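Worksheet: the structure to be examined is printed underneath.
Below, chain A is the first sequence line, B the second, and so on; all start at residue 1. Everything quoted here is computed from the prediction, not taken from an experiment.
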Protein chains: 2
Amino acid sequence: MKNTKLVGELLREKREEKGLLLRHVSAELDIDTAILSKIERSERKATKEQMLKLAEVLDLNKEDLLVQYLSEKILYEIKDEELGEKALKVAEQQIKYINKKNKGIEGV
Amino acid sequence: MKNTKLVGELLREKREEKGLLLRHVSAELDIDTAILSKIERSERKATKEQMLKLAEVLDLNKEDLLVQYLSEKILYEIKDEELGEKALKVAEQQIKYINKKNKGIEGV
DNA sequence: TTTGACTTGACAATATTAGTCAAATATAAT
DNA sequence: ATTATATTTGACTAATATTGTCAAGTCAAA
């Protein structure tokens with residue numbers, strides 16, 4: 001597996017690597033440092049907009065970060081569900097089916 | 001694939017098969033018929049508790065229904081996301097990893 | 001043409017999420 | 001040790017999303 005790090009951990013690492021303070025980055029996002037602190041420690045979820053902004057500010061790959069972010073959102077949704085893994089598999093089958101169907105239609 | 005029907009469609013079919021009216025079933029769930037109507041037409045999501053009750057009232061397999069229900073919740077979460085399918089795959093990898101880790105710990 | 005089943009949409013109540021702020025805790029430099 | 005700066009914590013507020021009611025509307029069958 002490529003990466004088992006939480007989004008928050010990635011953000012903190014990269015921020016520190018760049019020598020930026022919470023206050024610098026949170027100012028760009030226009031939120032209090034408290035929230036960014038919580039995001040980095042996975043105590044809160046960021047919004048999608050904040051993620052995109054963070055990718056910019058911290059020079060992280062937007063797509064990779066977003067994928068990881070969405071994945072965590074999905075996992076959060078099923079974290080207490082015994083049937084979560086099964087549901088994920090079904091969801092994957094269904095999204096494949098849907099995407100296949102749409103591909104067929106796009107060309108009309 | 002086993003089943004491409006939406007949960008709502010399943011519910012409506014089964015209810016009609018049993019000759020039950022919205023009012024009968026919604027009374028058991030203790031909600032207005034309007035909501036059940038919307039649930040059956042996928043205009044609203046049911047709660048987990050409602051799903052379990054519906055499985056009972058309509059003699060549907062609880063596990064299957066819940067899996068399908070959770071799957072739809074997941075899909076709803078990523079319905080407008082270009083990266084949704086990728087995120088799903090990552091989520092699946094990660095949940096496998098987490099479950100494996102927990103299995104290891106359970107036996108301590 | 002009325003009756004019963006379902007649908008629709010406006011609205012209200014409630015729950016969840018996103019945020020601020022100030023005080024408490026580190027961390028680090030004098 | 002003392003102060004200065006960075007981060008964390010938690011109580012509180014604001015905004016948004018979810019869940020529900022209700023009444024009026026549509027539709028089909030008797």
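- In this structure, the NZ atom of A:Lys45 is 5 Å from the P atom of C:dT17, given to the nearest Å.
- Of the two residues near DNA chain D, A:Asp32 and B:Ala34, the one whose nearest nucleotide lies more 5' is A:Asp32.
- Taking atom CG of A:Leu20 as the reference point, atom P of D:dT5 lies 18 Å away to the nearest angstrom.
- Taking 4.0 Å as the cut-off between side-chain N and carboxylate O, B:Asp30 and B:Lys53 do not count as a salt-bridged pair.
- Between the side chain of A:Lys14 and the main chain of A:Leu58, a donor-acceptor pair closer than 3.5 Å is present.
- The nearest heavy atom of DNA chain C to B:Leu22 and to A:Ile35 marks one nucleotide each, and the one closer to the 5' end goes with B:Leu22.
- Atoms CD1 (A:Ile39) and P (C:dT17) sit 14 Å apart, rounded to a whole Å.
- Residue-level contact check: B:Gln50 touches the backbone only, with heavy atoms under 4.0 Å from sugar-phosphate atoms and none from bases.
- With B:Glu72 contributing its side chain and B:Val7 its backbone, the two residues share a donor-acceptor pair below 3.5 Å.
- Checking the phosphate oxygens (OP1, OP2) of C:dT8, no side-chain nitrogen or oxygen of B:Arg44 falls inside 4.0 Å.
- Taking atom CD of residue B:Glu43 and atom C1' of nucleotide C:dT8, one finds them 8 Å apart after rounding to whole Å.
- Straight-line distance from the CD atom of A:Glu40 to the P atom of D:dT7: 8 Å, rounded to whole Å.
- In this structure a side-chain-to-backbone donor-acceptor pair under 3.5 Å is present from A:Ser26 to A:Leu22.
- Atom CD of A:Glu49 is separated from atom C1' of C:dG19 by 15 Å (rounded to the nearest Å).
- At C:dT8, one or more side-chain N or O atoms of B:Arg41 fall inside 4.0 Å of OP1 or OP2 (strictly under the cut-off).
- Atom CG in B:Asp30 sits roughly 13 Å away from atom C1' in D:dT19 (whole-Å rounding).
- Taking side-chain N and O atoms only, A:Thr33 has no distance below 4.0 Å to OP1 or OP2 of D:dT7.
- For D:dG20, its base never sits under 3.5 Å from the side chain of B:Lys38 at any donor and acceptor pair.
- Distances were taken from every side-chain heavy atom of A:Leu21 (C-beta onward) to each of C:dC6, D:dT18, D:dA6; the shortest belongs to D:dA6.
- Nucleotide D:dA30 forms a Watson-Crick or G-U wobble pair with C:dT1, both donor-acceptor distances falling under 3.5 Å.
- One can place CD1 of B:Ile31 at 16 Å from C1' of C:dT14, the figure rounded to the nearest angstrom.
- The phosphate of D:dT8 (OP1 or OP2) has a side-chain N or O of A:Ser37 nearer than 4.0 angstrom.
- Side-chain nitrogen and oxygen atoms of A:Arg23 include at least one within less than 4.0 Å of the OP1 or OP2 phosphate oxygen of D:dA6.
- The only member of B:Glu82, B:Glu77, B:Glu81 that meets salt bridge (charged side-chain N to carboxylate O under 4.0 Å, His left out) when paired with A:Lys48 is B:Glu81.
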